[in-house]
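First up is the structure itself, then whatever we jot down about it.
A, B, ... follow the sequence lines: proteins, then strands. Residue 1 opens every chain.
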Protein chains: 2
Amino acid sequence: MSCAMNDLYTVNQLAEELGVTPRTLRFYEDKGLLSPNRQGNNRVYDKRDRARMKLILRGKRLGFSLAEIAEYLDLYKIDGNGIEQLRVLLRRVRERRDVLERQREDLEATVAELADIEDQVAAALAERGAAPVEGQGGPG
Amino acid sequence: MSCAMNDLYTVNQLAEELGVTPRTLRFYEDKGLLSPNRQGNNRVYDKRDRARMKLILRGKRLGFSLAEIAEYLDLYKIDGNGIEQLRVLLRRVRERRDVLERQREDLEATVAELADIEDQVAAALAERGAAPVEGQGGPG
DNA sequence: CTGTGCATTTACGTTTACGTCAACGTTACT
DNA sequence: AGTAACGTTGACGTAAACGTAAATGCACAG
C-alpha cells in the first residue's frame, strides 16, 4: 500500500481530483509552473502543489495564457527581492489588476446583453403561446 | 477618392480602427463570424460589421474561443425560429450566463488576492525604508 | 521470473488563431 | 506603358496547450 496519510497525491490522483489529465500536470511542470517532490522517480504532489494548481486553473478560466499565469504566480514570491524588484512587482500587480478591471466591464456588458436576449426569447415564446405548455389561445 | 461618406470601411481601415490586422478580419470571415458586402471583389464593411467585430473582440477578451463566440453571436438570431429552437436558445443563453458568473467569482477572488499582494509589497517596501527614499532608521 | 499495473521520458500529432509570404488583379497617377 | 498602392486568394509557417503513442522502469502478486 502506498501509505497516503498526509494528503499526498500521485499524478493520476491529483489529475482526477482537479479534472485534468496527468499529461497536463507533467506539461505544467515542464513549463516551470509546478515542481512536485519526487519519491524515487515518481512525482508526489502535496497540498501546496494542489493549491498552486487551483490558482493555475483559475487563471485559465479567466483566459490567461500559461506564460501569463507563470508571471502571476511569481507575484507571490515577495521575499528575497531588492527594492527595485519590489517596485517592478508592484507595477505588474497593478497592470494585472487593470486587465481584470477591463475584463469585469466586458463581463458585465455581456451579462446584461444576455439578460436582454433572455427576455426577448421569453417574449418570443410567450407570443407563440408556449409558456403553459398547452394553451393554444395565443393572440393570433 | 473612395467616396467614404456612409461609415464604410475597407479591410485595412476597419482593421486599424479596431487594432487588429486585415488577416484577422479575413480569417473571421472564413470562419463565418463576419460576412461583409463586396464591391466587385473587395470587401466593404459597414457599421453593423463593425459592431459585430466589437462583440467578437469582447468575447476574446473574456477568453472565449472563436467557436464559442460564433455560438454567442447566433444567440442574437431570435427571429424565424420554432418554439423548440427558442427553448434550446434559452438554455444556451443561461448556460453562457452561468459560465460568466463563475468567471466573475474567479475574477473577484483574483482581484482580492492581487490587492493583498499589493499591500504586502507596499509593506515590504516600507520595511526596507523605501518610501521616503532616504530614511535609514529602520527597526533593524 | 513473468506478468499486471502504474509511472516515467521522448517524441511526434493536433487544434486554434492567426502571421507571413507568394502570385496575381485593379485603380490611379504620371 | 510603368509603377505604386491597395486589394484578392491560396498556401505554408508558427506558438500554445495539450493528446497520443512508444519504449522503458520499477514494484509487487503469483
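Using a cutoff of 4.0 Å between basic side-chain nitrogens and carboxylate oxygens, B/Glu118 and A/Arg91 are not scored as salt-bridged. Using a cut-off of 4.0 Å between Lys/Arg side-chain N and Asp/Glu carboxylate O, A/Glu95 and A/Arg92 are scored as not salt-bridged.
Judged by a 6.0 Å distance limit and a 45° cone about the ring axis, B/Arg23 is not positioned over the six-membered ring of B/Tyr28. B/Phe64 carries B/Arg96 over the face of its six-membered ring, with the cationic atom under 6.0 Å from the centre and within 45° of the normal.
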Query raised in the report: Given the rule in the side-chain hydrogen bond (donor to acceptor under 3.5 Å, both in side chains) test, do A/Glu17 and A/Tyr45 qualify, once you have shown the distances and angles that lead to the verdict?
Result: CA-CA 12 Å; A/Glu17 222 202 281; A/Tyr45 298 86; over 6 Å; no

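Not one side-chain nitrogen or oxygen of A/Thr21 sits closer than 4.0 Å to the OP1 or OP2 atom of D/dA17. Listed pair A/Lys60 / D/dC18 meets the phosphate criterion, a side-chain N or O lying under 4.0 Å from OP1 or OP2. Contact annotation: A/Tyr28 reaches the phosphate of D/dC18 (side-chain N/O to OP1 or OP2, under 4.0 Å).
Of the candidate nucleotides C/dT8, C/dA11, D/dA17, C/dT8 has the atom lying nearest to any side-chain atom of A/Arg26.
Contacts of residues 38-47 of chain B with DNA chain C (heavy atom under 4.0 Å): none. Using a 4.0 Å cutoff on non-hydrogen atoms, the parts of residues 64-76 of chain B near DNA chain C are B/Ser65, B/Leu66, ordered by number.
A side chain to side chain donor-acceptor pair (under 3.5 Å) with A/Thr110 holds for exactly one of B/Arg58, B/Gln103, B/Arg97; it is B/Arg58.
Judged purely by atom type and a 3.5 angstrom limit, A/Gln13 uses its side chain to pair as donor or acceptor with the backbone of A/Thr10. Counting only distance, with no hydrogens or angles, the side chain of A/Glu68 and the backbone of A/Ser65 share a donor-acceptor pair below 3.5 Å.
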